[in-house]
Q: 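Okay, handing you the structure first.
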Amino acid sequence: MNQTDLLQGQKPSNSIHMFRAMVGIGLLCALLIVVSYEYTLPVIKHNKAVALEKAVFQVIPGAVKRVTYKLTDQNTFEEMQGEPQKEQVVYAGYDANNQLAGIAVEASGQGFQDVLKLLYGYSPTDQKIIGFYVLESKETPGLGDKIEKDNDFLANFSGLDVLLSDDANALKNPVKSVKHGTKENPWEIDSITGATISSKAVGNIINNSISYWAPLLYKNISTFTGNQVSSLE
Amino acid sequence: MSSLNKTLEIKTSPHIARGVSTDMIMRNVVYALIPVSIFAVYAFGLSALLVLITAVVSCVLTEHLLCVLTHKQSTVGDWSITITGLLFGLTLPPNFPLWMVFFGGVIAVALGKFIFGGLGYNTFNPALVGRAVLQASFPVAITTWHPAFSTDRFSTIASSTLTFPFMEPVYDTVSGATPLSVMKFEHIAAKTSDLFMGLTTGSSGETSALLILLGGAYLVYRKMMNWRIPASIFLSVAILSGILHTINSQYPAPDFMLLSGGLMLGAVFMATDMVASPITPIGVWIYGALIGTMIVVIRVWGGLPEGVMYAILFANAFSPQIDNLIRPRVYGTSSRWSRT
Amino acid sequence: MLILTSLAALGGLTLILAAMLILANKKLHVEEDPRIDIVEDMLPHANCGACGFPGCRPFAEALVSGNALPGKCTVSSEDGRVQIAQFLGVDVGAEEKIVARLACAGGTNVARNRARYQGLQTCQAASLVSGGGKGCFWGCLGLGDCEVSCDFDAITMNPFSLPVVNEDKCTACGDCVEACPKDLFSLQAASHRLWVACKNLDAGDEILEECQVACTACARCAMDAPGNLITMKNNLPVVDYSQNHATQVPIQRCPTGAIVWIDEKKGVIKGEQSKKIIRKGERPIASS
Amino acid sequence: MERKSDKKTGFFATLQQSPSTDEFIKGLWRENAVFVQVLGMCPTLAVTNSATNAIAMGLATTFVLLMSNMLVSSLRNFIPKQVRIATYILIIATFVTVADYVIQAISLDVHKSLGAFIALIVVNCLILGRAEAFASKNTIGKSFLDGLGMGLGFTFALLCLGVVREILGSGTLFGIPFFPANFQEWVIMILPGGGFFTLAAWLLIFNWAKQRKKKVVQLDNKEIAA
Amino acid sequence: MALSLFSNKTFKHGVHPPETKDATSKMPIRRFPFAPVMIIPLAQHIGAPSVPVVKEGQEVTRGQLIAKATGFVSVPMHAPASGIIRKIGNVPHMSGKMVPGFYLEPFPSSGQEVNEGTPVNPETATPDEIIAGIQNAGIVGLGGAAFPTHVKLKVPEGKTIDTLIINGVECEPYLTTDHRVMLEQGPDIMMGIKYLMRATGAEKTIIGIEANKPDAAEYLNSIIPAGMPVSVKLIPVKYPQGAEKMLITALLGREVPSGGLPIDAHAVVVNVATTAEIGRLLPHGRGIQERVITITGPGVKKKGNYLIPIGTPMRFVLETVGVEDNISEVFLGGPMMGPSISNLDIPIVKGTSGVVVFTDNEAKKRKEKIYPCIKCGACVDACPIFLNPSKLGILAKAEEYDTMVGQYHLMDCFECGSCTYVCPSNIPLVQYFRMSKGIVRKRSVKN
Amino acid sequence: MNADSLWYIFINASLINNFVLAYFLGICPFLGVSGKLETASRMGGAVTFVMLISSMSAYGIHALLVAIDAPFLQLISYIVVIASTVQLVEMFIKKISPALFRALGIFLPLITTNCAILGLALFQTSKGYGFVQSFVYALGAGLGFTLALVLMAGLREQLDLADVPNVAKGTAITLLIAGILSLTFMGFAGLGG
Ligand SMILES: Cc1cc2nc3c(=O)[nH]c(=O)nc-3n(C[C@H](O)[C@H](O)[C@H](O)COP(=O)(O)O)c2cc1C
Ligand SMILES: Cc1cc2nc3c(=O)[nH]c(=O)nc-3n(C[C@H](O)[C@H](O)[C@H](O)COP(=O)(O)O)c2cc1C
Ligand SMILES: Cc1cc2nc3c(=O)[nH]c(=O)nc-3n(C[C@H](O)[C@H](O)[C@H](O)COP(=O)(O)O)c2cc1C
Ligand SMILES: Cc1cc2nc3c(=O)[nH]c(=O)nc-3n(C[C@H](O)[C@H](O)[C@H](O)CO)c2cc1C
Ligand code: SF4
Ligand code: SF4
Ligand code: SF4
Ligand code: SF4
Ligand code: FES
C-alpha cells in the first residue's frame with residue numbers, strides 16, 4: 001500500500017462534477033417520481049373515493065350516493081368536484097330513491113392520547129345524529145379504541161338528539177357524555193366503562209362540531225334537498 | 001504468654017460500627033408494613049389476602065430463582081425483596097386476578113431490579129415498575145375496584161381473583177369507584193375522615209392513611225427512612241392544591257388530595273425507596289417537590305384520575321440528574337460548583 | 001406540464017443546494033492531515049499509552065508530524081509497524097524488547113503472613129493496613145492488583161498467589177509497575193536474565209523465618225560474579241546490566257535462590273546450592 | 001497455523017465460502033441490521049405491533065434498499081465525495097416516494113396503519129448505511145445481493161417482533177385469532193413500551209445464546225489443549 | 001459553673017459513637033517500667049527522618065540527644081532510657097514498613113532522672129527562640145498526627161494567627177489520655193499556653209473540651225492565671241470534633257479553606273498533651289522521652305492511663321498490663337481512626353495516644369457482610385466535610401479516580417471514618433478512599 | 001384545552017407524545033448518544049436546533065409545493081433541504097468548534113438522516129400547523145427529545161457503575177430503560193385534554 005493510493009478519494013473534486021452529479025441525479029429522481037405518480041394516481045384516487053364513500057355510507061344508513069358540498073363565504077353550500085383542499089366540506093348522502101338520507105360531517109378534537117378524527121352522519125330533517133365512524137384514533141387499544149367497536153356505545157349514535165333551539169342558532173341541549181348506565185335523555189351519550197375519557201372526548205367533539213354545523217345545515221337544507229333532481233341522471 | 005503470640009487480625013479503621021445493617025433496615029420496613037397489610041385484609045377480605053401472598057411469593061421466588069440461575073448467592077435474605085413484594089401487592093386492586101399478580105411480581109423483580117444489577121442498583125422502584133407494566137398490560141383489570149367492607153368478604157373470593165391464567169377476568173359484584181375517579185368524573189369529594197381511616201375503596205394498601213403514617217413514623221423514629229421525602233411531597237401537594245382550590249373550588253381541596261389514592265402509600269413507602277431517590281438533603285426536597293407537583297398536575301389536568309405511580313417513576317428517572325446537579329457545598333470551599 | 005414543473009422545481013432545488021454546499025465546503029473546510037486518520041487506523045487502538053502518548057490518536061499525530069517512530073508502539077505487530085513505516089516513509093525505529101519483571105519470589109508456599117488481613121481484597125488497600133500483614137514487609141501481597149491492571153493478560157497469579165509474567169504477551173506498558181503498592185515490578189530489557197528476585201533490605205538469616213527464598217545479604221553472588229558485575233547495596237545485590245551479564249555463575253552458591261537466571265525457554269533457574277522448596281501447600285500463618 | 005476444526009461444514013458454510021452468496025447471507029443473520037447492527041430502530045419498533053404491518057414494512061424497505069443500492073452502485077463513479085450523502089438521500093427519497101404511492105395503490109388500509117413510517121424509510125439508517133458502506137464501493141451485482149440480504153434480514157427481524165407483539169397484544173396472528181375466545185390481551189405489547197421490551201427481550205435471548213456458544217467454544221479449546 | 005462554659009455551637013454532621021471511656025477516665029496516670037529492649041524508629045513524625053548522632057554500642061543517658069533533626073520540618077530524638085545502643089538498622093514500624101532506627105538496651109537499673117539542656121524562659125524568649133526550643137525538645141503533635149509542632153507555630157509571612165485553640169476534645173471513644181492530662185497537668189498546660197501564645201502572637205486562647213469532661217473543664221477554668229486571655233469552652237459531644245477543621249468551626253464559626261491550613265482561618269490548634277509537654281520540657285530544656293497513653297479495650301486486664309517511655313515494644317506493654325486469651329485485634333489510637341498493627345514488635349512512638357485491644361467477641365459482633373450501597377444517605381449525613389461518600393465509594397469500586405478527585409472532592413476527605421461507621425451496608429468506604437488517595441498521589445507524583 | 005393551542009402543541013410534542021418514547025422517532029441517536037450526560041445534552045441541543053431549522057424549512061417548502069401543485073415532491077424536497085441545511089451546520093460546527101465536532105462525532109450526519117427530524121416535518125404538515133405552531137411544535141419535540149436523552153444518559157451513567165448482568169449490557173438494558181421511561185411518560189396522557 002502506498003501513500004498516494006490511500007490518499008485518493010481524499011482529494012477535493014472540482015465543483016462542476018458536484019453540480020453535475022447533484023443536478024443530474026435530481027432530475028433523474030424527479031422523473032422517476034413523476035412517472036410513478038402519474039401511474040398510480042388514478043388507482044389511488046379511486047381507492048380514496050371508495051374509502052370515503054364507504055365511511056359516508058356507514059354513517060348515513062341507507063345512502064347509496066355521495067355529493068360533496070363546500071361551505072361558501074356567504075354561509076351557503078355549493079356542490080364541488082375533486083378533492084377538497086382548504087375548503088370546509090360536508091358530504092350529502094342520498095338513498096336509492098334519491099332522497100337526502102343525511103349529511104356526513106368530519107370532526108376532530110383532542111382524545112385521550114392524541115387527536116381523534118371522526119365522521120358522523122346528521123339528518124337535518126330529523127335533527128338527529130344517525131351514524132358515527134372513527135377515521136383516526138390513537139386511543140389505547142383495548143380501552144379507548146372501544147369507541148370504534150363497542151356496540152353499546154355505537155348504539156348511542158343511531159338517533160342522538162341534536163334538536164336546535166327555537167331560533168335555530170344553537171342546540172337546545174348540548175350533546176354530553178354521561179357515566180355508563182346513567183343515560184336518561186336522548187341527547188346524552190352513554191359512556192364506556194374504562195374509557196370514560198375517550199367517550200367524553202367523542203361527546204365533546206361531536207357537540208362542538210354539531211353546534212357549528214347544525215344551524216348552517218338546517219338553514220341550507222333546501223340546497224341539499226333541492227339538488228336531488230339536478231344531480232339525478 | 002501465649003495469647004500475645006496469636007495471629008492478629010488487621011483491618012482498616014474504623015473498628016466499630018453503628019450496628020444498623022441493611023437487612024435490619026429492610027426487616028423493619030416489613031414490620032412497618034404489617035399493620036397496613038392487615039388492614040388491607042380486614043377491609044377487602046380473602047381476595048386481598050390472596051393477592052398479597054401471591055405478590056410476595058412471586059417476588060421472592062423470582063429473586064431466588066434468578067440468583068440461582070446466574071450462580072449468585074441468593075439475596076432473598078436481605079429482606080428487600082419482601083418489601084418489594086408486599087408493596088407491589090398493596091398497590092393492586094384487592095380483586096386483581098392472581099395470575100396477573102404473579103406475572104407482575106416476576107416483572108417487578110426481573111425487569112425492575114435484577115436486570116439493573118440487583119439491590120442498590122435499581123434505578124426505578126421495582127414494585128412500581130411491576131405495577132406500571134400491569135397497568136399498561138391490563139388497564140381494565142387494574143382500574144376495576146372492589147368495594148371495601150362488603151359483608152361476604154371473608155366467606156367468598158371475588159370471581160376475578162381466581163381467573164384462569166391468561167384469561168380475561170369476569171367481574172361479578174358491582175364494582176366500586178375510588179374517591180379519585182368519583183372526583184375526576186363527578187367532582188364529588190369523599191369525606192376526609194373516611195379517607196383518613198381507610199373506609200373507602202381503592203388499592204389494597206392505600207386506603208388507610210392513618211396506618212401508613214404510623215408505619216412511616218416508626219421508620220423515621222428508627223432513622224430508617226428519610227422523612228424529608230414524604231414531607232416535601234405532602235408540602236408541595238398541599239401548597240399546590242391549596243392554591244388551585246382557592247382559585248377555583250372545582251379543584252379538589254388539599255386534605256382530599258393528600259388523603260386520597262395512593263399518595264400516602266406512595267409518599268411514605270415508595271418514594272422513600274432510597275435506592276431510586278437522590279441522596280443529598282436538598283436533592284431529596286427537590287425530588288419530593290417534583291413528585292408532589294406531578295401528582296397534582298396529573299390529577300387535576302391529566303387524563304387519568306391518579307398519578308402517584310407515574311410521578312414517582314418519573315422522579316426516579318430524574319434522581320441521577322438531581323444528584324448530579326445538587327451537590328452540597330463541600331466544607332472549606334466557597335461555591336457549590338467548585339470543581340478542582 | 002407536470003413533468004416540466006417538477007423537473008424544474010427539483011432541478012432548481014438541487015442546483016441551489018449544490019451551490020450552497022460547494023461554497024460552504026470551500027469556505028468552511030478544516031484542514032487536517034488526512035494521513036492521521038489512516039495511521040490511526042493502522043494502530044492497534046489499544047490506547048494503552050505504552051508509546052508514551054496519551055492514546056493512539058495523539059501517537060498517530062506525532063507519527064505523522066515526524067515526532068515519533070512506529071517502533072514506539074510495542075503493542076502492534078511487527079508487520080503493523082513496518083506497514084506504518086512504509087506508509088510514512090520512515091524507519092521503523094527498532095526498540096529492544098522490554099518486559100516487566102517481579103522482584104519477589106515469596107509465594108504462599110515459602111513466605112508467611114504475620115497477621116490476618118481483612119478488608120478490600122486489593123494489594124493497594126491491604127498495603128495501607130499495617131503493610132498488609134505479610135511477614136516480609138517488602139514482599140508481594142498476592143492479591144493480584146498487577147494481574148488486574150494488565151490489559152494484555154500477561155500476568156497470571158500462580159497457585160501460590162505470586163504473579164507470573166508471560167514475556168511474550170507483555171508489552172511493557174508499565175501498568176503493573178504503577179499498580180503494585182510494594183513497587184515490586186520494574187521494566188527490564190528481556191535480555192536481562194540474571195535477576196534478583198527479592199527486595200528485602202534486611203541483612204541476616206532472621207528473615208528466613210518469614211520467607212524461605214529471601215536474600216540474606218550473604219554477598220556470595222557478588223563475590224562469585226566476574227569483576228564488579230554485582231555489588232551489594234542496601235543489603236541487596238545489584239546487577240550492573242551495562243556490563244556483560246550473560247553468566248550463570250553468580251546464582252550457583254545463593255543459599256536461598258534469591259538470585260536467579262531467567263531462561264528464555266526453561267523459565268526460572270535457581271542455583272545448585274539453593275535450598276529446594278518442597279512444600280506444595282500454603283505456609284501456615286505465623287503462630288506458635 | 002490453521003486448525004481443522006475451524007472449517008465449518010454444512011449448507012450455510014458452503015454458501016459462505018462462495019463470496020457472492022455471502023453478500024446475501026450475511027445480512028440475514030451475521031450482520032443482521034436490527035439484532036446485530038442495531039440500525040433502523042424506529043420502524044422496527046413503531047410498525048411491529050402486528051405481523052402484517054411488519055411484513056409490509058419489511059418488504060417496502062427491502063424494495064427501497066434494493067433499488068437504491070443498485071442505483072448508487074451504478075452511479076458510484078459519477079458522484080463526487082462531497083455531495084455523496086446528499087445525492088444518496090435524493091435517490092433513496094425517490095424510491096420511497098415511489099413505494100409510498102405503490103402501497104397506496106395496493107391498499108389504503110396498510111398505508112394508513114404504517115402511517116408516516118413509509119415516508120420515514122428515507123431516513124432508515126440502514127439504507128443510507130448500506131449505500132455509503134457497501135453500494136458506493138461495490139459492483140451492481142454485489143450491491144443487489146447485499147441489498148436483498150439486508151432487506152430480508154430486516155424483514156425477518158421485524159417479523160420476529162411483529163409476531164410476538166401481535167400474538168400477545170391482540171391475541172391474533174395475521175389477524176386470525178390465536179387463542180380461545182376470552183384470552184386476556186397484554187395491551188402493553190402494542191403500546192410503545194411493549195415495542196422496547198420485545199426488542200430488548202430478543203436481544204437478551206441472542207446475547208444469552210452468544211455467550212453460551214462462546215463458553216462452549218472455550219470449553220472445546222480447553223479440551224484440545226488438554 | 002460548668003453551664004457557663006457550655007456552648008451549643010458545633011460543626012454540622014458527624015456521628016456519636018458510644019463513648020466507652022468510663023473504664024479509664026477515673027484512672028490516674030501511672031508510670032511504666034522500662035522494657036528490656038526498646039525500639040526507636042527515626043521517623044516518628046511527619047517530615048524528614050532524623051539522623052543518628054550515636055554509634056552502635058554507645059552508651060547513652062536518658063534524655064540524651066541520639067538523632068538530630070535534618071531541616072526545619074524534622075525533630076530530634078532523645079534517648080528514652082539510659083542504656084546501650086545495641087544496633088542501628090531496620091526496625092518495624094506501624095505503617096508495616098521496616099524503617100531505620102535504634103535498638104536500645106536500657107541498663108537494668110536505669111533511673112528516671114533526665115538530662116537537662118538549655119532552658120527557655122517563658123517571659124523573655126523571642127518567638128523564634130521558643131520555636132527552636134520546641135524543635136529541640138523533639139515535640140510533635142501528640143494528638144495523633146505527629147506533625148512537628150514548631151512548624152505549625154511558625155507564622156508565614158503575610159499570615160496572622162489571632163486564636164490559639166487548645167484541643168482537649170478527645171472525641172475518639174475509649175481514649176482518656178487528654179482527659180487525665182487536663183486533670184493532672186493543669187499548670188504545665190498553662191505554662192505551655194504561655195509559650196505558645198508568645199510564639200504565635202495569638203491574642204486569645206480557647207481550650208475546647210467536649211461536654212463529657214466537665215470536671216476537666218472546671219478544673220482548667222479554675223487555674224487560669226489572672227490576666228491571661230484564656231477561656232475554656234464545653235462543646236457538644238460529637239465525632240470528629242477533635243479534628244482541627246471541625247474544632248475551628250465549632251469554636252470560631254470559621255471554615256478552613258479546602259486544601260488550606262488552620263492558619264488560613266487565623267487559628268492554630270494544639271493538642272492539650274502537646275501543650276502540657278511544652279510547658280513541662282521547655283523550662284528545663286529537656287527532650288521528650290515518654291508520653292501518656294490510654295491502654296484499654298475489652299482485651300486488656302489492667303486498663304488505665306500510663307506514662308510510657310517512647311520505644312517500648314507493644315509486646316512488653318501488653319505483657320505488663322495483661323491481656324485476655326482471646327485477643328484478636330490491637331490498634332493504636334481510638335477505634336475510629338487508629339491503625340491496626342500486624343505484630344507486637346512495633347514500638348510506642350510519639351504519636352501513639354492509645355492502645356486498644358479487641359477480643360474475638362468484638363470481632364464476632366461486627367457484621368461483616370457487605371451489601372451494595374443502598375444510597376440510604378447515612379454517610380452523606382455523617383460526613384463533616386459534606387462529601388458524597390456513597391458516590392465516592394461506587395466510583396472507587398469502578399476505579400474512576402479522576403472523577404473522584406475532579407468532581408467529588410476526594411482529596412478533601414480526611415479519613416475520619418464517620419461514613420464507614422454509619423454505613424448499614426458495611427462498605428469499607430474509608431479504605432476505598434485511602435486507597436484511592438494513595439493511587440492518585442502516586443499518579444500525580446509520576447506526572 | 002384546544003388541540004391547536006400553542007401550549008397544548010408544546011406539551012403534546014414534548015411529553016404526551018414524546019418523539020422517542022411514544023412515536024419511536026430518532027431511536028438511533030437515542031440509543032447511540034445517551035451513554036454520557038455531557039454528550040447527550042449537547043446532542044439534545046443539536047437535535048433541537050436542527051429540528052427548528054428543518055421545521056422552518058419544511059414550512060417554506062410546503063408553501064412552495066402547494067403553490068406549484070406538486071405534492072408528490074414533498075418527501076424528496078423536505079429531505080434534501082434538511083440534509084443540506086444540516087450539512088451546512090455540520091461544516092460550520094467543525095469550523096468553529098472542533099471539540100464539539102469531535103464529541104458528537106459521526107452523529108451530526110446522523111441527525112440529518114434522523115427519523116425525528118423528517119417525522120417532525122411530515123407531522124407538522126399533515127396536522128396543518130401554521131408557522132408559529134410549527135415552531136412551537138419543533139421546539140416541544142426537540143426539548144422532549146432532549147429530556148428523554150438526558151434522563152436516559154443519567155440513568156445509563158449510573159448503570160455504568162452497577163453490576164448489570166452480562167447478557168443485558170449494552171443495547172438491551174438501554175431498551176429496557178426506554179421501555180420503562182415510555183411507560184412513565186404514559187402518565188402524561190390526556191394532559192390538557
Ligand atoms: C395504560 C392506560 C391507558 C388508558 N387508555 C385510555 C383510553 O384510551 N381512553 C380512555 O378513555 N381512558 C384510558 N385510560 C384511562 C382509565 O381507564 C380511566 O381510569 C378510565 O377512563 C376512567 O375510569 P371509568 O371509566 O371506569 O370511570 C387508560 C388508562 C391506562 C392506565
Ligand atoms: C415535617 C417535618 C418532620 C420532621 N420529622 C423529623 C423526624 O421524624 N425526625 C427527625 O430527626 N427530625 C425531624 N424533623 C427535623 C428536625 O426538626 C431537625 O431539623 C432535624 O432532625 C435535624 O437534622 P440534621 O441533624 O440531620 O440536620 C422534621 C422536620 C419536619 C419539617
Ligand atoms: C478525624 C480526626 C479526629 C481527631 N480527633 C482529635 C482529638 O480527639 N483530639 C486531638 O487532640 N486531636 C484530634 N485530631 C487531630 C487534630 O486534627 C489536630 O491535628 C490536633 O489537635 C493538633 O494538635 P497536635 O498537633 O498537638 O496533636 C483529630 C484529627 C482527625 C483527622
Ligand atoms: C423506606 C423504604 C421504602 C422502600 N420502598 C420500596 C418500594 O417502594 N419498592 C420496592 O421495590 N422496594 C422498596 N424498598 C426496599 C428496597 O429499597 C428495594 O427492595 C430496593 O429498591 C431493591 O433494590 C424500600 C425500602 C425502604 C427502606
Ligand atoms: S501488585 Fe504487587 S503486591 Fe500485589 S500481587 Fe502484584 S506484585 Fe504482589
Ligand atoms: S501490565 Fe505489566 S505485564 Fe502487563 S503488559 Fe504492562 S508491563 Fe507487561
Ligand atoms: S472519611 Fe472522608 S468521606 Fe467519610 S465521613 Fe470522613 S471526611 Fe467524609
Ligand atoms: S451509608 Fe453506605 S449504604 Fe448508605 S449511602 Fe452511604 S455508602 Fe451507601
Ligand atoms: S431508524 Fe430512526 S433514527 Fe435510525
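Note on naming: letters A, B, ... go to the chains in the order of the sequence lines (proteins, then strands), and numbering restarts at 1 for each one. Since the structure is predicted, the reported quantities are computational estimates derived from the model, not experimental observations.
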Q: Thr155(D): which residues meet the side-chain hydrogen bond (donor to acceptor under 3.5 Å, both in side chains) condition with it, sequence neighbours left out?
A: Thr62(D)

Q: Below 4.5 Å, heavy atoms only, C-beta onward: do Leu71(D) and Leu28(A) meet side chain to side chain?
A: yes

Q: Write down the atom of Val98(D), the atom of Ser36(A), and the distance for their closest heavy-atom approach.
A: CG2-OG, 3.4 Å

Q: Using non-hydrogen atoms only, which part of Leu90(D) is less than 4.5 Å away from chain A: side chain, backbone, both, or neither?
A: both

Q: Can you establish whether the number of heavy atoms outside Lys176(A) located under 6.0 Å from its atom NZ is more than 12?
A: no

Q: How long is the span from the CG atom in Leu32(A) to the OG1 atom in Thr94(D), to the nearest 0.5 Å?
A: 6.0 Å

Q: Would you mind checking which part of Glu185(D) comes under 4.5 Å of any heavy atom in chain A, side chain (CB onward), backbone (N, CA, C, O), both or neither?
A: neither

Q: How many angstroms lie between CZ in Phe78(D) and CD1 in Ile25(A), if you round to the nearest 0.5 Å?
A: 6.0 Å

Q: With only heavy atoms counted, which part of Leu135(A) is less than 4.5 Å from chain D, the side chain, the backbone, both or neither?
A: backbone

Q: If you measure from NZ on Lys48(A) to NE2 on His111(D), what distance do you get to the nearest 0.5 Å?
A: 7.5 Å

Q: Is there a donor-acceptor pair under 3.5 Å between the side chain of Asn47(A) and the backbone N or O of Leu108(D)?
A: no

